[in-house]
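Inspection log for the structure reproduced underneath, given as C-alpha cells.
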Protein chains: 2
Amino acid sequence: MRAHLYSGECLVQIAGECEITYVGRAASMAEAGDYLVVVKCDGSLQVHGPRGVKPVNWQPRTDELALSLEDGRALLRAERTSPAEMVQVAFLEPALVQALELRHASGFVLSGSEAQMQAALARNPELIEPGLSVLERELLVGVGGVDLYARDAQGRFVVVELKRGKATHEAVHQLERYVTAVRAQVAAPVRGILAAPAVTAPARTQLERLGLEFREVTALPVLEEEPLQPGLF
Amino acid sequence: MRAHLYSGECLVQIAGECEITYVGRAASMAEAGDYLVVVKCDGSLQVHGPRGVKPVNWQPRTDELALSLEDGRALLRAERTSPAEMVQVAFLEPALVQALELRHASGFVLSGSEAQMQAALARNPELIEPGLSVLERELLVGVGGVDLYARDAQGRFVVVELKRGKATHEAVHQLERYVTAVRAQVAAPVRGILAAPAVTAPARTQLERLGLEFREVTALPVLEEEPLQPGLF
DNA sequence: ATTTCTATGTCGGGA
DNA sequence: TCCCGACGTAGAAAT
C-alpha cells in the first residue's frame with residue numbers, strides 16, 4: 001500500500017472509520033465517522049462523506065505525503081507549502097484499502113465554454129449586431145481584458161463583455177470598468193454591450209442606468225462533429 | 001448493484017474503462033479511458049480521472065438515475081432538471097464494482113470562516129480601529145449585505161467589508177457598492193474599510209483611488225477550545 | 001425559483 | 001511566483 005501511495009502510478013482508496021483534521025487557510029475537525037479517502041497519483045487527496053460532490057476535506061496538491069503508525073492507528077498526512085496546509089486522516093477502523101490503476105485517460109473535450117463562445121462570436125460578430133467588426137480579442141486595459149473590442153456600423157467603438165451563462169451585476173460591473181477604461185483612452189463615443197444568453201433583473205436595471213446595452217446571444221452547448229471548415233467549435 | 005444504487009443507503013463505486021458524455025449548461029465528451037465513478041446515497045455523481053480534486057464530470061443532484069444495458073454495455077445516466085443536465089457513463093470494461101456503507105458521518109467543525117471572523121470583530125471592533133462601535137451586522141442595503149456597519153470615534157459612519165483571505169479588487173468593488181448605497185441614504189460622511197489579512201496590489205491601488213481604506217486583520221484559523229474570554233476566536 | 005455570496009473554492013494562464 | 005479570471009463552479013442563505 002505504501003508502495004502504491006508513493007509509486008505515483010495508482011489511485012489509492014481507503015474507506016472506513018476515521019477522524020480528519022485540517023489546518024491551513026482555515027481549520028477543521030471531523031469526529032470519527034465513515035469516510036472514503038482517495039489519493040490520486042498526482043498526490044491530491046480528498047475525503048468524502050456520504051453526501052455531495054464536494055469532499056469534506058481535501059488537499060489539491062501535496063508537497064509531502066506521509067503514512068505512519070501512531071498508537072496502532074494508521075495516520076495519513078498530506079501537507080503543502082504555499083499556502084501552508086495540512087490534512088491528516090487517522091484511520092480507526094479501515095474497512096477497505098485498495099489501489100486502482102487509472103492508465104489511459106484520454107481526450108476530453110468541453111464545448112460551450114466562454115473561450116469557445118468568444119472565438120465563435122469573433123468570427124461571426126453579426127450574431128451580436130449587424131455591421132459589427134471585431135478589432136481585438138482580450139484587449140488588455142488596465143486590469144483584466146476586454147472580451148471583444150469592435151467597431152459598429154457607424155464606426156463607433158464597442159466594448160463587448162461575454163458571459164456563457166446568465167449575466168449578473170458582476171458582469172455589468174466588469175463591462176462598466178472596461179468601458180470607462182477605454183473611454184479614458186479614446187476621445188470618441190464608446191458603446192458597451194453585455195452579450196449573454198440571459199441576464200438577471202438587477203443586472204438589466206443597472207445596465208440601463210449606466211447606458212449600457214444587452215444582447216441575447218445563445219450559446220450552443222451541442223456536441224458537433226468536427227466541422228469541415230476549420231473553426232466554429 | 002442496481003439495488004444498492006437505488007436503495008439510498010450506500011455509496012456505489014464503479015471503476016474501469018468508460019466513455020462519458022455531458023450535456024447541460026455546456027457539453028463535454030470524454031473518450032474511452034479509465035475512470036472512477038462514485039454515486040453517493042444522495043444521488044450525487046462524480047467521475048474522477050487520474051488527477052486533481054475536481055471530477056472530470058459530475059452531477060450535484062440527480063432527479064433521475066438510470067442504469068441500463070445497451071449493446072451489452074452498462075449505461076449509467078444521471079439527469080436533473082433546473083438546470084436541465086445529463087451525465088452519461090458508458091462502461092466498456094468495468095474493472096471494479098462495489099458498494100460501501102458510510103454509516104455515521106458525525107460532527108464536523110470548521111473554524112476560520114468569514115462568519116466567525118465577523119462575529120469576533122463585532123465583539124472586538126477595536127481590532128479594526130480604536131473607538132469603533134458596531135451598529136449592525138449584515139445590514140441589508142439594496143442588494144447584498146454590509147458585513148459590519150459601524151460608527152467611528154468621530155461619529156462618522158463606517159462600512160466594513162470583511163475577507164477571510166487576501167482581498168482582491170472584487171472585494172474593493174463590493175465595498176464600493178455598499179459605501180455608495182449607504183451614502184445615498186445618509187446625509188453624512190461615510191467611510192469604507194476593507195478588513196482582511198492581506199490585499200493584492202491592484203486592489204490596494206483601487207482602494208486609494210476610491211478614497212477607501214484597508215485594515216489588516218489577522219484571521220487565526222486555529223482549532224481552539226471555547227475560550228474563557230469571550231471573543232477572539 | 002431566483003439571486004447573491006462564500007469557499008480551505010479549484011484550475012489554468014499570463015506577467 | 002503572484003495575480004487574475006473562468007468554472008457545467010458547489011452549496012447555503014435570503015428573498
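Residue numbers start from 1 in every chain, and the chains themselves are labelled A, B, ... in the order their sequence lines are given, proteins ahead of strands.
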Within the 4.0 Å heavy-atom criterion, would you say A/Glu170 contacts the bases, only the backbone, or no part of the nucleic acid?
nothing
Provide, to the nearest angstrom, the distance between the NE2 atom belonging to B/His173 and the P atom belonging to C/dT6.
12 Å
Donor-acceptor pair under 3.5 Å, B/Gln59 side chain vs D/dG8 base:
yes
Taking for A/Leu162 and for A/Gly165 the nucleotide of DNA chain D with the nearest heavy atom, the one nearer the 5' end belongs to A/Leu162
Base, sugar-phosphate alone, or nothing: which one does A/Pro60 contact when heavy atoms must sit under 4.0 Å apart?
sugar-phosphate
Report the C-alpha distance between B/Asp147 and B/Glu138 in whole Å, list the side-chain angles of each, state the deciding distance to 0.1 Å, and finish with yes or no for side chain to side chain contact (heavy atoms under 4.5 Å, CB included).
CA-CA 5 Å; B/Asp147 285 340; B/Glu138 291 295 341; 3.7 Å; yes
Check whether any side-chain nitrogen or oxygen of A/His169 sits under 4.0 Å from OP1 or OP2 of C/dC5, and answer yes or no.
yes
Using atom P of each nucleotide, how far apart are C/dC11 and D/dG11 to the nearest Å?
16 Å
If you look at every strand shown and take non-hydrogen atoms under 4.0 Å, does B/Gly52 touch a base, only sugar-phosphate, or nothing?
sugar-phosphate
Interatomic distance, B/Glu161 CD vs C/dT4 C1' [rounded to whole Å]:
12 Å
Among C/dA7, D/dC7, D/dA6, the nucleotide that comes nearest once only the side chain of A/Gln174 is considered:
D/dA6
Atom-to-atom span, CG of B/Asp42 to C1' of D/dA10 - whole angstrom:
12 Å
Could you give the CD-to-C1' distance, from B/Glu85 to D/dT9, as a whole number of Å?
11 Å
Does B/Arg164 put a side-chain nitrogen or oxygen below 4.0 Å from OP1 or OP2 of C/dG9?
yes
If you compare every side-chain N and O of A/Ser44 against the phosphate oxygens of C/dT10 (OP1, OP2), does one of them come in below 4.0 Å?
no
Expressed as a whole number of Å, how far does the C1' atom of D/dG5 sit from that of D/dT9?
13 Å
Just checking A/Pro202: base, sugar-phosphate only, or nothing, at a heavy-atom cut-off of under 4.0 Å?
sugar-phosphate
Closest-nucleotide ordering on DNA chain D, the 5'-leading residue of A/Thr81 and B/Val87:
A/Thr81
Closer than 4.0 angstrom, basic N to acidic O: yes or no for A/Asp34 and B/Arg103?
yes
Atom pair distance, as rounded to whole Å: NZ in B/Lys166 and C1' in D/dT1
11 Å
Whether B/Thr200 contacts D/dC4 is assessed here as follows: a side-chain N or O lying under 4.0 Å from the phosphate OP1 or OP2. Is that the case?
yes
Taking for A/Ala203 and for B/Glu114 the nucleotide of DNA chain C with the nearest heavy atom, the one nearer the 5' end belongs to A/Ala203
Across the strands shown, which category fits B/Arg61 at heavy-atom distances under 4.0 angstrom: base, sugar-phosphate, nothing?
nothing
Could you grab the distance from atom NE2 of B/His48 to atom CH2 of B/Trp58, nearest 0.5 Å is fine?
10.5 Å
Roughly how many Å apart are D/dG8 and D/dC4, using the P atom of each and rounding to a whole number?
22 Å
Whole Å only: how far is the CD atom of B/Gln206 from the C1' atom of D/dC3?
14 Å
With heavy atoms under 4.0 Å as the rule, sort A/Phe108 into base, sugar-phosphate or nothing.
nothing
Which nucleotide, C/dT3, D/dA6, C/dT6, lies nearest any side-chain atom of A/Lys163?
D/dA6
Please work out if A/Gln46 contacts a base, only the sugar-phosphate, or nothing of the nucleic acid, heavy-atom cut-off 4.0 Å.
nothing
Base, sugar-phosphate alone, or nothing: which one does A/Ser82 contact when heavy atoms must sit under 4.0 Å apart?
sugar-phosphate
Is A/Tyr22 near enough to C/dA7 that one of its side-chain N or O atoms lies under 4.0 angstrom from OP1 or OP2?
no
Is any side-chain N or O of A/Arg204 closer than 4.0 Å to OP1 or OP2 of C/dT2?
no
From CG of B/Leu139 across to P of C/dC5 the rounded distance in Å is 14 Å
Considering just the side-chain nitrogens and oxygens of A/Trp58, establish if one lies under 4.0 Å of OP1 or OP2 belonging to C/dG9.
no
Tell me which of A/Leu140 and A/Lys54 sits closer to the 5' end of DNA chain C, going by the nucleotide each one is nearest to.
A/Lys54
Side chain to side chain contact (heavy atoms under 4.5 Å, CB included), that's the test. Do A/Leu67 and A/Leu65 meet it? Break it down for me.
CA-CA 7 Å; A/Leu67 183 60; A/Leu65 191 64; over 6 Å; no
salt_bridge(B/Arg61, B/Glu85) N-O dist < 4.0 Å:
no
Does A/Arg51 have more than 12 heavy atoms from other residues, nucleotides or ligands lying within 6.0 Å of its CZ?
no
With A/Gln59 as partner, the option from A/Gln46, A/Glu79, A/Arg77, A/Arg80 fulfilling side-chain hydrogen bond (donor to acceptor under 3.5 Å, both in side chains) is A/Arg80
Are A/Arg25 and C/dA7 close enough that a side-chain N or O sits under 4.0 Å from OP1 or OP2?
no
Pair A/Glu31-A/Glu19, side chain to side chain contact (heavy atoms under 4.5 Å, CB included): steps then yes or no:
CA-CA 5 Å; A/Glu31 289 171 22; A/Glu19 276 178 8; 5.6 Å; no
How far, in whole Å, is D/dC7 from C/dA7 if one measures between their P atoms?
22 Å
From CD of B/Gln116 over to C1' of C/dT6, roughly how many Å is that when rounded to an integer?
14 Å
Of the nucleotides D/dG8, C/dT6, C/dT8, which has the atom closest to the B/Arg80 side chain?
D/dG8
Taking atom C1' in both C/dC5 and C/dG9, what distance in whole Å separates the two?
13 Å
